[in-house]
Amino acid sequence: MEDDESAAMWHLYAEEGKGLAISTTVGRLLGTCRPFFAERAKKPEDLWYGRVRYVDLLTQKLKAGMMERFFFKHHVFGSEKEFRLAITLAMTEQFGVRVPAKGVSVEVSLDRLIQHVYIGPSVTGAQQSRVSAALGKHGLQDRIVKSCLLGTPRYT
């Protein structure tokens, strides 16, 4: 949850700066998630969301319920400033439907979700072209932003 890019995040999550970062807002994110219904369920699964709380998990005992525990992380990851979504899958289990080992897919509207797609500072021209073409198929190529790490600093 940052207003700007982070050189540390490019370093941690995009090998040699070769990657993409999708920016959105909490409102866009929550507004695009379609309800997820388990097979045979009459009502959707509960969607949980919120900021991750960073605490010292080695010294602090958490008093958190089944879903709340997914919104805590060890304090050494605090620079991530993460926002999470989680689905309970309680209805899925209640109806005796086997939960897939790799989880479930929740549909989203890319047009509503994506505010910008940042191109990593070390992405090649050919890779940028592929990204532009893929986004163009969804009418989203106008949302591409090149990393500010590629800019030339202005000194005064």
Side-chain angles (χ1 to χ4, degrees), residues 1-37 44-60 62 64-89 92 99-156:
M1 294 195 65
E2 285 289 343
D3 292 329
D4 296 307
E5 290 180 72
S6 164
M9 291 297 127
W10 281 120
H11 179 73
L12 286 171
Y13 295 107
E15 180 185 335
E16 299 176 17
K18 295 178 182 174
L20 303 173
I22 296 173
S23 75
T24 191
T25 64
V26 171
R28 281 177 172 266
L29 181 62
L30 296 178
T32 190
C33 292
R34 296 187 179 112
F36 176 79
F37 287 84
E45 296 284 359
D46 289 333
L47 179 67
W48 291 63
Y49 57 89
R51 290 177 183 248
V52 170
R53 291 184 48 206
Y54 299 92
V55 298
D56 186 345
L57 293 175
L58 300 178
T59 61
Q60 186 173 341
L62 294 181
M66 183 185 86
M67 291 305 291
E68 290 93 355
R69 67 187 168 127
F70 293 106
F71 293 87
F72 287 90
K73 203 166 182 178
H74 196 53
H75 67 92
V76 297
F77 297 101
S79 63
E80 293 177 351
K81 298 179 183 167
E82 198 175 340
F83 184 90
R84 287 189 178 174
L85 296 175
I87 297 177
T88 62
L89 298 180
T92 301
V99 176
K102 294 186 177 184
V104 297
S105 296
V106 177
E107 290 185 34
V108 298
S109 163
L110 293 179
D111 180 54
R112 290 177 67 190
L113 176 67
I114 296 174
Q115 184 172 21
H116 297 105
V117 176
Y118 287 86
I119 303 289
S122 300
V123 172
T124 67
Q127 291 167 327
Q128 288 181 33
S129 295
R130 287 198 303 271
V131 170
S132 182
L135 290 171
K137 290 179 184 177
H138 300 281
L140 301 173
Q141 68 275 16
D142 62 330
R143 300 186 193 181
I144 295 174
V145 178
K146 290 187 180 179
S147 172
C148 67
L149 296 175
L150 294 172
T152 304
R154 293 176 56 192
Y155 298 99
T156 55

Kindly say whether S109 contributes a backbone atom to a donor-acceptor pair with the side chain of T32 at under 3.5 angstrom? yes
Measuring only between side-chain heavy atoms, which start at C-beta, is Q60 closer than 4.5 Å to F72? no
Minimum side-chain heavy-atom gap K73-R84 below 4.5 Å: yes
In this structure, CG of L113 is separated from SG of C33 (nearest 0.5 Å) by 7.5 Å
Nearest 0.5 Å, please: how far is CG in D4 from SG in C148? 7.0 Å
Pairing residues for R51 by the side-chain contact (heavy atoms from CB on, under 4.5 Å) criterion, not counting sequence neighbours: M1, F83
Looking at D111 and R143, does any basic side-chain N land under 4.0 Å from a carboxylate oxygen? yes
Side-chain touch V26/L29, heavy atoms, less than 4.5 angstrom: no
Flag for Q141-S132: side-chain donor and acceptor within less than 3.5 Å: no
Just how far is it from atom CG of L85 to atom CG of L30, taken to the nearest 0.5 Å? 6.0 Å
Within 6.0 angstrom of H74 NE2, more than 12 heavy atoms from elsewhere: yes
Should we count CZ of R53 as having more than 12 external heavy atoms under 6.0 Å? no
Side-chain donor/acceptor of E68 to backbone N/O of G65, under 3.5 Å: yes
Would E5 and W10 count as a side chain to side chain contact (heavy atoms under 4.5 Å, CB included) here? Give the steps. CA-CA 8 Å; E5 290 180 72; W10 281 120; 2.7 Å; yes
d(L140 CG, I114 CD1) to nearest 0.5 Å is 5.5 Å
Taking every heavy atom of I87 against every heavy atom of E45, the minimum-distance pair comes out as CG2-CB, 3.4 Å
May I ask you to check whether over 12 heavy atoms, not counting those of Y49, lie within 6.0 Å of atom OH? no
Side chain to side chain contact (heavy atoms under 4.5 Å, CB included) between E82 and F77: does it pass, once the steps are laid out? CA-CA 9 Å; E82 198 175 340; F77 297 101; over 6 Å; no
Side chain to side chain contact (heavy atoms under 4.5 Å, CB included) assessment of V145 paired with I119: CA-CA 6 Å; V145 178; I119 303 289; over 6 Å; no
Residue pair R28 / T25: nearest heavy atoms and the distance that separates them: N-OG1, 3.0 Å
Could you check whether any side-chain N or O of R69 sits under 3.5 Å from a backbone N or O of A64, counting only pairs where one atom can act as donor and the other as acceptor? no
Would L47 and F36 count as a side chain to side chain contact (heavy atoms under 4.5 Å, CB included) here? Give the steps. CA-CA 9 Å; L47 179 67; F36 176 79; over 6 Å; no
Side-chain heavy atoms of M67 within contact of T88, under 4.5 Å: yes
For S147 against G120, the heavy-atom pair lying closest together: CB-C, 4.2 Å
Look up atom CG in D3 and atom OG in S23, then write down how far apart they are to the nearest 0.5 Å. 10.5 Å
About how many Å separate CE of M9 and OH of Y118, when rounded to the nearest 0.5 Å? 15.0 Å
